[in-house]
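Have a look at the structure below, then the notes.
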Amino acid sequence: MSEVIVMPKLGMTMTEGTIVEWHKEVGEPVSEGEPVLTISSEKLTQEVEAPVSGILLVKNAEVDEQLEVGAAIAVIGEEGGAVQEVAAAASVAVVDKVEADTAVAAPAPVREAATKVQGERIFITPLARKMAKEHQLDIALIEGTGGNGRITKHDIERALQEGTAAKAAVETKVEAAPAHVSVSPVNDETIGAGLNPMRKAIARNMRRSLGQTAQLTIHRKVNANALIDFQNSLKKQVAAADLDVKLTITVLVARAAVLALQEMKQVNSHYVDGMLTEFDEVHLGIATALDDGLVVPVVKNAHQKTIGTLAKEIKDVSVKARNGEASGDLLTGSTFTITNLGASGIEYFTPILNTPETGILGVGSFQDELALDEEGQVKMIKKIPFSLTFDHQIVDGATAAEFLNKLSKYIETPYLLVL
């Protein structure tokens, strides 16, 4: 009896995963619950554990290869089991192993894509097929060295070095196409080529965001003196009560944004496939920088949180994201995002929408300014610069300005944050 390990779905938007590392080799024993390999999606890295105890009979992908969700990765079975039989089982997707929320509308993808060329079946991995397409290689001329003779990433790289398959493919294309047609068109698959999985996903998401929306950014500074006094007052009360709560300016700005979003639902919305959905609930994305990229963990139902609870949850989701412990559910479902570059000394910037959201708020570093008080005396004022990027298809400049006005109201009269 054998058990197939399939590519799990780590989040609602995940469509494929990349093999990062194998912890076991073919023929080695593995215990149930023991990590067999590590995969990465566009937002996080996660170990895949063995569903049963046995022997690793088949590795159906190599490091750096990408597999679609639901595709078979490996097979675990009894020692001496029929490898060919389980290899055949690994060549098809195992739908019932994928989480229920994958919403598979058609049979899950086949692990090894089989192509018939003049009556002969050619087996090729998804990554190899993508590379062959990008470089316009004729796969019929490439010898596969993988299991069952399948063509792997390494075979494509070898063919590129030798140049034979590439030359044959280009000659065929040029002969069949008019002179003005480009032989190597740029397509979505080429975006982020050569980058690690996270940077590649970021590249695709950013290009998609800019291509599908009409983005405009407006800026405004807000007097933060009252907010700072309010923060210091709360800190003293938290310390006196011996509570484990870190009340940062980001937390207070997040609370102000949540209240403003509840008043301005046009900004708390998604625009997908020509349909606009405005939300009563606020699921707040908190942009979090990592060593090799950026993720946006989400505080669900932020409108129901007190300042203290919001502080704890923002810290919790950010720590999990930085440690690579965030689940797929924690990284999806936001209705509005906040990104803070204040710690880097940045004043204004133009954040890119986290589609399908309609707005994203950028928070800059405090700026010191001199102003006259009511008695004509010069005093120092600390101001927070805000940068609001919005989809001009959905929100007009006047509406976006009104949102910043409401945000400013809560920043300048911070005791409203607790009402």
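In this chain, residues are counted from 1 in sequence order.
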Lys59 bridged to Glu25 by N-O distance under 4.0 Å: yes
Gap separating the CG atom of Leu227 from the NZ atom of Lys383, nearest 0.5 angstrom: 14.5 Å
With Thr335 via side chain to side chain donor-acceptor pair (under 3.5 Å) - residues at least two apart: Asn268
Backbone N/O of Gln266 and side chain of Ser269: donor-acceptor pair under 3.5 Å: yes
Heavy-atom neighbours of Met380 CE exceed 12 at 6.0 Å: yes
Gap separating the NE2 atom of His270 from the CD atom of Glu357, nearest 0.5 angstrom: 5.0 Å
Enclosure of Asp368 CG (heavy-atom neighbours >12, cutoff 6.0 Å): yes
Main-chain N/O of Ala398 paired with Asp396 side-chain donor or acceptor, under 3.5 Å: no
Pairs meeting criterion ring pair (Phe, Tyr, Trp, His ring centres under 6.0 Å) with involvement of residues 293-349, two or more places apart: His219-Tyr348, Phe336-Phe403
Under 3.5 Å donor-acceptor, Lys300 side chain and Asp329 backbone: yes
Atom pair CG (Asn323) and CG (Leu290), whose distance is rounded to the nearest 0.5 Å: 9.5 Å
Any donor-acceptor N or O pair under 3.5 Å, side chains Thr217, Ser387: no
Pair Gln231, Ser233: side-chain N/O donor-acceptor within cut-off below 3.5 Å: no
Donor-acceptor pair, side chain of Thr413 and main chain of Lys409, under 3.5 angstrom: yes
Check: Ser365 main-chain N/O paired with Gln367 side-chain donor or acceptor under 3.5 Å: yes
Any donor-acceptor pair under 3.5 Å from Gln215 side chain to Ile352 backbone: no
Any donor-acceptor N/O pair, Asp391 side chain to Ala214 backbone, under 3.5 Å: yes
Distance, nearest 0.5 Å, that separates OG1 of Thr277 from NZ of Lys265: 13.0 Å
Note, Val363 side chain near Thr250 side chain (heavy atom, < 4.5 Å): no
Under 3.5 Å donor-acceptor, Ser209 side chain and Asn205 backbone: no
